[in-house]
Amino acid sequence: CETCSKEEAKYRCPRCMKYSCSLLCVKKHKLALSCNGVRDKTAFVSVNEFTDLNLLSDYRFLEDVGRTADAAARHPTMHSPATKKLLYVLRNKARKCDIDLRTLPIGFTKRRENSTTFNCMEKKFYWHLKLIFPHCHAEYTLKGVPDDKILADILKPYIDPVESDPVVCQRLKIYTVSPQSDVRILMKIENRRQNSVR
């Protein structure tokens, strides 16, 4: 067992391939590694290791995607005039602000969770942000962040040694003890090749 190193391993996690001996160790490993235990259907498999099972898994995955896309296309909100109008207004305002706004089709989780809006009175975008702190395996979601708020102010409640929440500060200790100049803020580039690691 890779968790307790005492008993003989009986189980293997489908996601991270760690060996465990009992339910208690499985739960401990999930908590320690923030692992959900669900096999990653889109994980890269080299040609040398590719088997019939991988082919079958890929085929089933594509079938599931097809079913989900079909269900999303039939969804009532897809053809709702209010949804189309809201999206049209958002895209129009973004274009005028020189923002390349891209939206996922209805049915996608990211699209469902997104709460980005445009306030016509203030002529401001209020963004839905997801902050990911990779060194601490922590994620925080912010809603309604105005477009004129600078990144330093957005990050203050999380990594500022004085102004941040004590519980959050403890969780993100590696960031709070580091000098501000050492903290790098990166933004994921979307629409890249599947195996791109950038």
Side-chain angles (χ1 to χ4, degrees), residues 1-69 71-72 104-105 107-115 128-143 151 154-155 157-161 164-180 182-198:
C1 176
E2 293 183 47
T3 305
C4 68
S5 305
K6 293 174 185 174
E7 301 291 328
E8 189 181 340
K10 298 174 188 171
Y11 314 106
R12 192 176 191 186
C13 177
R15 188 167 190 91
C16 62
M17 302 299 175
K18 296 276 185 197
Y19 287 102
S20 303
C21 65
S22 63
L23 180 63
L24 185 67
C25 283
V26 169
K27 286 181 178 176
K28 277 183 185 173
H29 119 264
K30 283 183 178 179
L31 196 65
L33 301 173
S34 300
C35 176
N36 61 9
V38 179
R39 185 176 65 84
D40 185 8
K41 295 175 185 174
T42 60
F44 176 75
V45 179
S46 66
V47 177
N48 301 340
E49 297 168 5
F50 202 81
T51 63
D52 290 344
L53 281 172
N54 296 113
L55 181 66
L56 187 63
S57 173
D58 286 356
Y59 180 73
R60 285 186 179 149
F61 176 70
L62 290 172
E63 279 185 327
D64 287 344
V65 169
R67 267 195 298 275
T68 306
L104 287 166
F108 280 72
T109 308
K110 277 186 182 178
R111 167 77 182 265
R112 209 167 39 243
E113 290 172 351
N114 195 354
S115 61
H128 179 104
L129 294 183
K130 187 184 268 188
L131 302 175
I132 301 167
F133 297 91
H135 297 293
C136 302
H137 304 289
E139 276 186 21
Y140 296 96
T141 303
L142 303 173
K143 294 181 180 181
L151 280 168
I154 292 169
L155 291 172
Y158 298 93
I159 62 169
D160 190 271
S164 62
D165 179 89
V167 177
V168 175
C169 184
Q170 185 59 34
R171 187 170 183 200
L172 304 175
K173 199 170 186 179
I174 193 168
Y175 294 94
T176 52
V177 296
S178 301
Q180 293 293 320
D182 286 358
V183 176
R184 294 281 176 264
I185 301 161
L186 305 174
M187 192 170 172
K188 186 181 176 186
I189 297 177
E190 300 288 354
N191 301 326
R192 291 181 64 81
R193 287 184 294 108
Q194 186 185 0
N195 299 331
S196 171
V197 292
R198 184 168 174 191

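This one's a predicted model, so the numbers in the text were calculated from it and none came from an experiment.
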When you compare the side chain of Leu131 with that of Leu155, does any pair of heavy atoms fall below 4.5 Å? yes
To the closest 0.5 Å, what do you measure between CG (Leu33) and CD (Glu2)? 9.5 Å
Residues Met17 and Arg12: closest non-hydrogen pair is O-NE, 3.4 Å
Is there any side-chain hydrogen bond (donor to acceptor under 3.5 Å, both in side chains) pair reaching into residues 50-69, and which pairs are they, with sequence neighbours excluded? Arg39-Ser57, Thr51-Asn54, Tyr59-Glu63, Asp64-Arg67
If I take atom NZ from residue Lys130 and atom CG from residue Asn114, how far apart are they, to the nearest 0.5 angstrom? 10.5 Å
If you compare all heavy atoms of Pro157 against all heavy atoms of Val168, which two are closest, and at what distance to 0.1 Å? O-CG1, 4.3 Å
How would you list all residue pairs meeting side-chain hydrogen bond (donor to acceptor under 3.5 Å, both in side chains) that involve residues 165-180, not counting sequence neighbours? none
Identify the two heavy atoms, one from Cys25 and one from Cys1, that lie closest to each other, and give their separation to 0.1 Å. SG-SG, 3.8 Å
If the condition is salt bridge (charged side-chain N to carboxylate O under 4.0 Å, His left out), which residues does Lys110 pass it with, not counting sequence neighbours? Glu190
Separation between CG of Asn36 and NZ of Lys30, rounded to the nearest 0.5 Å: 7.5 Å
Look at the rings of Phe133 and Tyr140 and say which category their plane angle falls in: under 30° parallel, 30 to 60° tilted, over 60° perpendicular. perpendicular
Which pair of heavy atoms, one from His135 and one from Ile174, lies closest together, and at what distance? CB-CG2, 3.9 Å
Here the gap from Lys28 atom NZ to Ser20 atom OG, rounded to the nearest 0.5 Å, amounts to 10.5 Å
Do Lys18 and Cys35 have side-chain heavy atoms sitting under 4.5 Å apart? no
So which atom in Tyr11 and which in Cys21 form the shortest heavy-atom distance, rounded to 0.1 Å? CE1-O, 3.6 Å
Would you name the heavy atoms of Thr42 and Phe61 that are closest together and state the gap between them? CG2-CZ, 3.5 Å
Could you tell me whether the side chain of Cys13 reaches within less than 4.5 Å of the side chain of His29, counting heavy atoms only? yes
